[in-house]
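Some notes on the structure that comes next.
Counting starts at 1 for both ligands and their atoms, following the listed order. This one's a predicted model, so the numbers in the text were calculated from it and none came from an experiment. The residues of the chain are indexed from 1 along the displayed sequence.
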Amino acid sequence: MNLILLGPPGAGKGTQAKFIVTTFHIPQISTGDMLRAAVKEQTPLGMVAQKIMESGGLVPDEVVLGLVRERLSLPDCNSGFILDGFPRTLPQANELAVILSASGKKINHVVSLDVNNTDIIQRISGRRTCPSCGKGYHLLNDPPRISDVCDSCGTKLVQREDDQEETVKNRLAVYDLQTSPLKAYYDEAGLLRHIDGSAPIQVIQARIRDILEGQSGDNP
Ligand code: AMP
């Protein structure tokens, strides 16, 4: 099962991807996580990406496509994968189709998590991450046991540079302009399903499970 999770930053793609990984045993491919790892290691690619990410813009298509092409060629993707945060532009979507068809694959489902911008800004302002092990928290919905300290490794939690309010507004504008046209693209292909991303996490999980198990009751 090859799946794309669409949705603005803070819609809950990462959280739901983790649920799908454990339920359906397919890997999560998050281009944001891959780029953050490259920035942390200060690889040449990471150095190109860093400033763009901090401003909330999009890393050039060819850079992201290079990462995804390599990742999809690994054997753990043979039984399926979840794309989280990719594709984000129409050229990425077109090239993804080319990459997949070269190995006889295609996308089976596209799930759009819909959340309005006011809720997004509120949600993202509470997001915290462990800079050491990468575990994510939310001050209201998923707080650490000790305030500002990672449950897993005891490191002080930080707010992502690009989760500051002004940058989030820019990321949302970029999403509306460059990424939201993908909804029409995948709708025309008969693949798109919408989920209310402001529903409780368990409700969203049940909806995703229905869609992936082919019991959504929706018309394609
Ligand atoms: P995310 O963690 O998915 O919100 O991504 C964080 C940042 O990484 C984005 O704001 C972009 O700067 C960059 N990024 C992640 N995925 C992509 C992509 N598919 N295309 C271009 N830039 C991306």
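- Listed by atom number, the atoms of ligand 1 under 4.0 Å from Phe86 heavy atoms are 19 (N).
- Counting heavy-atom neighbours within 6.0 Å of Ile201 CD1, excluding the residue itself, gives a total of 12 or less.
- Evaluated for a side chain to side chain contact (heavy atoms under 4.5 Å, CB included) with Leu6, the options Ser112, Pro87, Ser180 yield exactly one hit, Ser112.
- Side-chain N or O atoms of Arg193 include none that pairs as donor or acceptor with a backbone N or O of Ile208 at under 3.5 Å.
- For ligand 1 and Gly57, the ligand atoms under 4.0 Å from any heavy atom of the residue are 10 (O), 11 (C), 12 (O).
- Not a single N or O atom of Asp162, backbone or side chain, sits closer than 3.5 Å to an N or O atom of ligand 1.
- Residue Val59 has at least one nitrogen or oxygen atom sitting less than 3.5 Å from a nitrogen or oxygen atom of ligand 1, judged on distance alone.
- The Val64 neighbourhood of ligand 1 comprises atoms 18 (C), 19 (N), 20 (N), 21 (C), with distances under 4.0 Å to a heavy atom of that residue.
- Counting protein heavy atoms only, atom 7 (C) of ligand 1 is closest to Met53 CE, 3.8 Å.
- Regarding atom 18 (C) of ligand 1, its nearest protein heavy-atom neighbour is Arg88 CD, 3.4 Å.
- Look at Arg36 and you'll find a heavy atom under 4.0 Å from some atom of ligand 1.
- For Gly85, a nitrogen or oxygen atom sits less than 3.5 Å from a nitrogen or oxygen atom of ligand 1, counting backbone and side chain alike.
- Using a non-hydrogen distance threshold of 4.0 Å, Pro9 does not register as a contact of ligand 1.
- Close approach of ligand 1 to Arg171 (heavy-atom distance below 4.0 Å) involves ligand atoms 4 (O), 10 (O).
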